[in-house]
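For reference, the structure discussed in these notes is given below.
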Amino acid sequence: MSPVEKKILLLGKGYVAQAFAQRISDDFPWINLTITSREKPECVYFELEKQASWENITDEYDACVWTFPVYDLKLFQQFFNQKKSLFKKFILLGTTSSYNIDYDQQMIHEQSDLDVEHKRYAVEKYLLQHEGIILRCAGIYGPEKNPLNWVKQGKIKSPPQKYVNWIHVSDLVQFIVHAILYGKMGESYIAADGCPVQWQAFYDYYKVRPVENKTNSKKLSKKINNQWTLEQLKVDLNYPSILLGQCKS
């Protein structure tokens, strides 16, 4: 039996939002989607910094999904308090870089300590206190966002032994939809495939040699275990590891 139709507002028109929109008609036809944008004429005009544009959001929705980074707590509070009555659920996409790392290759899960100095911390804390939902995302890859190209272009600054946590954009769409369906108010979840991979393993698997980069980052790496999220949101991954041939040269 198909789920009851859901009316969703998608704030933003970036990579994730576009992938979300593309999959809706095929995989989630019961979702009625409205998208906002700063410049796309086919979308509802919305720009957080221009409060007059907020008046374009007038309908009631089963969920609002905020897809772009937000750091200005005061502005976010103003928008949220003005519009929250229109949304049954409010989901903010965050980043797994928000977690505090004390030592290299530390195992991280949904209840791990957060970095209070992170520029997203204040907004996320406020939203959780007001029954919003946070979905923190690992490194996103997929069509037109190919880590193989980053390697060949010399964009990888991390040492080969560093672990990276990934989520294919197709699975991220599933995480978002399931957060709408099953996510609990005031809870935070992690969108990741749960299979952290060292860059060296990535190079070996895809038979590529990284371009020498003398500015290698010394940042600590982490390993994400999001089994709890997978169970709570009933997610069945289509791409359980980046080492399964999902990248094409």
Side-chain angles (χ1 to χ4, degrees), residues 6 8-17 19-20 31 35-36 46 48 57 61-101 106-140 165-169 171-194 196 222-235 237:
K6 295 286 186 182
I8 307 302
L9 176 67
L10 202 61
L11 294 180
K13 194 73 166 71
Y15 180 74
V16 173
F20 188 94
I31 288 182
I35 306 176
T36 70
F46 170 73
L48 180 62
I57 299 173
Y61 296 90
D62 291 286
C64 172
V65 181
W66 189 299
T67 66
F68 59 90
V70 55
Y71 312 118
D72 190 324
L73 176 60
K74 184 177 180 180
L75 200 56
F76 180 81
Q77 288 174 326
Q78 291 173 344
F79 174 83
F80 181 78
N81 290 326
Q82 184 182 127
K83 298 296 182 179
K84 63 182 179 181
S85 63
L86 297 178
F87 315 128
K88 293 180 182 179
K89 282 187 177 181
F90 194 105
I91 299 167
L92 175 66
L93 301 190
T95 171
T96 54
S97 68
S98 296
Y99 288 102
N100 188 58
I101 307 299
Q106 182 176 344
M107 187 65 71
I108 295 296
H109 54 80
E110 293 83 355
Q111 302 306 316
S112 294
D113 292 337
L114 296 168
D115 178 2
V116 297
E117 300 298 326
H118 195 281
K119 54 187 178 181
R120 299 196 192 195
Y121 177 80
V123 169
E124 292 186 356
K125 179 180 178 181
Y126 178 83
L127 184 59
L128 290 175
Q129 290 174 335
H130 292 80
E131 298 190 316
I133 295 172
I134 305 295
L135 183 61
R136 297 192 178 94
C137 308
I140 302 167
N165 300 275
W166 299 100
I167 182 66
H168 192 282
V169 69
D171 282 327
L172 178 53
V173 171
Q174 184 186 173
F175 273 101
I176 296 171
V177 171
H178 284 214
I180 294 168
L181 292 175
Y182 310 116
K184 295 182 179 179
M185 305 291 200
E187 193 60 82
S188 58
Y189 302 94
I190 296 178
D193 61 20
K222 57 185 175 291
K223 296 179 179 180
I224 290 176
N225 180 346
N226 65 328
Q227 187 61 38
W228 182 82
T229 292
L230 293 170
E231 294 172 355
Q232 293 295 309
L233 298 186
K234 305 177 183 180
V235 169
L237 293 168

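Computed from a predicted structure; not experimentally measured.
- In this structure the side chain of Asn100 never reaches within 4.5 angstrom of the side chain of Leu114, judged on heavy atoms.
- The two residues Ala17 and Gly12 come nearest to each other via the heavy atoms CB-O, 3.3 Å.
- Legend: residues meeting side-chain contact (heavy atoms from CB on, under 4.5 Å) with Lys89, ordered by chain and number and at least two apart, are Ala63, Ile133, Met185.
- Between Leu11 and Phe79 the shortest side-chain heavy-atom distance falls below 4.5 Å.
- Between Lys6 and Leu181 the shortest side-chain heavy-atom distance falls below 4.5 Å.
- Atom CG of residue Leu92 and atom CZ of residue Arg120 lie 7.5 Å apart, to the nearest 0.5 angstrom.
- Contacts of Lys184 classified as side-chain contact (heavy atoms from CB on, under 4.5 Å), with partners at least two apart in sequence or in another chain: Glu187, Tyr189, Gln232.
- The line from CD of Gln106 to NZ of Lys222 is 10.0 Å long, rounded to the nearest 0.5 Å.
- Relative ring orientation between Phe68 and Trp66 is described as tilted, the plane-to-plane angle lying within the 30° to 60° band.
- Between atom CZ of residue Arg136 and atom OG1 of residue Thr229 there is a gap of 10.0 Å, rounded to the nearest 0.5 Å.
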Side chain to side chain contact (heavy atoms under 4.5 Å, CB included) between Asp171 and Asp193: does it pass, once the steps are laid out?
CA-CA 8 Å; Asp171 282 327; Asp193 61 20; 5.7 Å; no

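- Under the ring-ring contact (aromatic ring centres under 6.0 Å, His included) criterion, His130 pairs with Tyr126, not counting sequence neighbours.
- Residues forming a salt bridge (charged side-chain N to carboxylate O under 4.0 Å, His left out) with Glu110 (at least two apart in sequence, or on another chain): none.
- Taking CG from Leu73 and NZ from Lys119, the interatomic distance works out to 15.5 Å, rounded to the nearest 0.5 Å.
- Checked by atom type and distance alone, the side chain of Lys83 pairs as donor or acceptor with a backbone atom of Ile57 at under 3.5 Å.
- Counting all heavy atoms, side chain and backbone alike, Lys223 lies closest to Pro196 at CB-CG, 3.8 Å.
- The heavy-atom pair separating Leu172 from Ala191 by the smallest distance is CD1-CB, 3.7 Å.
- Annotation: Glu117, atom CD; neighbour count of heavy atoms from other residues, nucleotides and ligands within 6.0 Å does not exceed 12.
- Lys88 meets the salt bridge (charged side-chain N to carboxylate O under 4.0 Å, His left out) test with Asp62; sequence neighbours excluded.
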Would Phe175 and Asn226 count as a side chain to side chain contact (heavy atoms under 4.5 Å, CB included) if you check the C-alpha gap in whole Å, the side-chain angles of each, and the deciding distance to 0.1 Å?
CA-CA 12 Å; Phe175 273 101; Asn226 65 328; 3.9 Å; yes

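- In this structure, Ile176 CD1 and Leu233 CG are separated by 11.5 Å, a value rounded to the nearest 0.5 Å.
- The ring-ring contact (aromatic ring centres under 6.0 Å, His included) check on Tyr71 picks up nothing, with sequence neighbours excluded.
- Remark: Glu131 CD to Phe87 CZ distance equals 15.0 Å, nearest 0.5 Å.
- A heavy-atom distance below 4.5 Å is not found between the side chains of Phe20 and Ile35.
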Set out, in order, the CA-CA distance, both residues' side-chain angles and the distance that settles side chain to side chain contact (heavy atoms under 4.5 Å, CB included) for Ile101 and Ile108, then state yes or no.
CA-CA 8 Å; Ile101 307 299; Ile108 295 296; 3.7 Å; yes

Are Leu75 and Gln78 close enough, and set up right, to give a side chain to side chain contact (heavy atoms under 4.5 Å, CB included), and what steps lead you there?
CA-CA 5 Å; Leu75 200 56; Gln78 291 173 344; 3.6 Å; yes

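- None of Leu93, Val169, Thr95 except one satisfies the side-chain contact (heavy atoms from CB on, under 4.5 Å) rule with Ile140; the exception is Val169.
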